[in-house]
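Scope of the values below: all heavy atoms of this structure, side chains included, with no hydrogens, waters or symmetry mates. Letters A, B, ... mirror the listed sequences (proteins, then strands); counts begin at 1.
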Number of protein chains: 2
Amino acid sequence: MKHSHKRDAICEVLKSKRDHPTADMVYERVREKYPEISLATVYRNLAQLCTEGTIIKIGAAGRERYDIDTSDHTHFFCDECGEVYDVFSDLNFTGLAKAESEIGCKIDFAHITFRGHCKNCMAKAGN
Amino acid sequence: MKHSHKRDAICEVLKSKRDHPTADMVYERVREKYPEISLATVYRNLAQLCTEGTIIKIGAAGRERYDIDTSDHTHFFCDECGEVYDVFSDLNFTGLAKAESEIGCKIDFAHITFRGHCKNCMAKAGN
DNA sequence: TTTGAAAACGATAATCGTTATCGTTTTTGT
DNA sequence: ACAAAAACGATAACGATTATCGTTTTCAAA
């Protein structure tokens, strides 16, 4: 895909620190390279990158986050610190066909997110 | 739980038509009984009912919906018509422990939503 | 290398769902 | 009946995101 310089810089931000930043966080980071960039440009390019499939949006209650890893994986949201972690382990679940037949629908996606307490927060609480 | 008249009417709206309405939809419906009710009152009471555990919020990308069925169940969102359906079939999934050990976390909730095409929309498309 | 159209941009206004404020009204317990 | 607490309506404020618009940059064809 052909990208503008600023769009490239936004990709670079997503690639270099894979912590699922919000638009604001991307804005702050890309300003290190382009101090004059507008927040509108960040939103515009994030939207475009989503449309073309380069990145994905992982909605978390009124505050979108962005992930450059478009492979099939799950996200874990820490309820304590708000951090988001990738989970790549396979999750097989049974009952999907039964769910489909229950309401007579075709399930295209089963979207799973985890919530709980992350390693760091558990370590802190443990002491 | 002790409720005001208007809070009761809001519950009644949720009970009588279990289609996971948005706050706006609740507002429209409760106005049939209380034409003078304010949208603020609807939001206020929906929030309160969530807090006390009488109803649940099922967030769907920037637009909350409300469900008076607080039992453990899943929701199916039709990508075509936007309708939301309840799914009560059990879904067992394996790999949760592996996911926990992968990132060293404690998973408290696994939140699942389905997306796809509902019965009605498939029937329409089929002709 | 000029040129002109398309794409991208910055600034900022607008939008949308939701929440907060505040002065008034209703409910409740005594 | 009465005071305190809860609920209310109107509306302003909020925060995240999107739209607008006039300007600037890019890039390919001439």
Side-chain angles (χ1 to χ4, degrees), chain A residues 1-14 19-68 75 77 82-84 113, chain B residues 1-14 19-68 75 77 82-84 113:
Chain A
M1 304 260 183
K2 182 178 57 71
H3 288 160
S4 69
H5 293 153
K6 284 169 187 171
R7 189 144 62 241
D8 272 333
I10 286 168
C11 281
E12 207 43 55
V13 162
L14 270 313
D19 61 345
H20 317 85
T22 62
D24 260 328
M25 290 159 75
V26 172
Y27 175 59
E28 286 307 325
R29 290 179 198 171
V30 80
R31 282 215 291 171
E32 289 166 18
K33 183 161 187 185
Y34 292 105
E36 79 288 0
I37 199 171
S38 162
L39 181 56
T41 299
V42 172
Y43 272 107
R44 206 172 8 228
N45 282 315
L46 287 172
Q48 170 129 5
L49 290 166
C50 283
T51 303
E52 68 179 43
T54 306
I55 66 174
I56 55 171
K57 221 194 256 198
I58 54 175
R63 195 153 199 145
E64 297 292 349
R65 288 170 170 271
Y66 299 88
D67 190 349
I68 201 156
H75 293 105
F77 295 79
E83 194 70 47
V84 183
T113 60
Chain B
M1 303 262 181
K2 181 177 58 71
H3 288 161
S4 69
H5 293 154
K6 285 170 187 171
R7 188 145 63 241
D8 271 334
I10 287 168
C11 280
E12 207 45 55
V13 162
L14 270 313
D19 61 345
H20 317 84
T22 62
D24 260 329
M25 292 159 75
V26 172
Y27 175 58
E28 286 308 324
R29 290 179 198 169
V30 81
R31 282 216 291 171
E32 290 166 18
K33 182 160 187 186
Y34 292 105
E36 79 287 0
I37 198 172
S38 162
L39 181 57
T41 300
V42 172
Y43 272 107
R44 205 174 7 230
N45 282 315
L46 287 172
Q48 170 128 5
L49 290 165
C50 283
T51 303
E52 69 179 42
T54 306
I55 67 175
I56 56 171
K57 222 194 256 197
I58 53 175
R63 195 155 200 142
E64 297 292 348
R65 288 171 170 271
Y66 298 88
D67 190 349
I68 200 157
H75 293 104
F77 295 80
E83 194 70 48
V84 183
T113 60

Between [options], which nucleotide gets closest to the side-chain atoms of [X]?
| X | options | answer |
| --- | --- | --- |
| B:Glu36 | D:dG9, C:dC9, D:dT18 | D:dG9 |
| A:Ala40 | C:dT18, D:dA19, D:dG9 | D:dA19 |
| B:Asn45 | D:dC8, D:dG15, C:dG17 | D:dC8 |

Quickly work out the [X] [atom1] to [N] [atom2] distance and round it to whole Å.
| X | N | atom1 | atom2 | answer |
| --- | --- | --- | --- | --- |
| B:Ile10 | D:dG9 | CD1 | C1' | 13 Å |
| A:Tyr34 | C:dA8 | OH | P | 14 Å |
| A:Arg65 | D:dT17 | CZ | P | 11 Å |
| A:Arg31 | C:dG10 | CZ | C1' | 13 Å |
| A:Asp24 | D:dA16 | CG | C1' | 8 Å |
| A:Leu46 | D:dT17 | CG | C1' | 11 Å |
| B:Arg7 | D:dA7 | CZ | C1' | 8 Å |
| B:Leu39 | D:dC14 | CG | C1' | 15 Å |

A side-chain contact here means heavy atoms from C-beta on lying under 4.5 Å apart; do [X] and [Y] qualify?
| X | Y | answer |
| --- | --- | --- |
| B:Thr113 | B:Phe77 | yes |
| B:Asp67 | B:Ile55 | no |
| B:Arg65 | B:Pro21 | no |

Quick one: is [N] close enough that its OP1 or OP2 comes under 4.0 Å of any side-chain N or O from [X]?
| X | N | answer |
| --- | --- | --- |
| A:Ser38 | C:dT12 | no |
| B:Thr41 | D:dA7 | no |
| B:Lys6 | D:dG9 | yes |
| B:His5 | C:dT27 | yes |
| B:Lys2 | C:dT27 | no |
| A:Tyr43 | D:dT17 | yes |

Completion exercise
Of B:Tyr66 and B:His3, the one whose closest nucleotide on DNA chain C sits nearer the 5' end is B:Tyr66

Exercise for the section: Determine, for A:Glu12 against A:Arg29, whether the closest basic-nitrogen to carboxylate-oxygen distance falls under 4.0 angstrom. Expected result: no

Practice task
May I have the step-by-step check of side chain to side chain donor-acceptor pair (under 3.5 Å) for B:Asn45 and B:His3, ending in yes or no?
Solution key: CA-CA 9 Å; B:Asn45 282 315; B:His3 288 161; over 6 Å; no

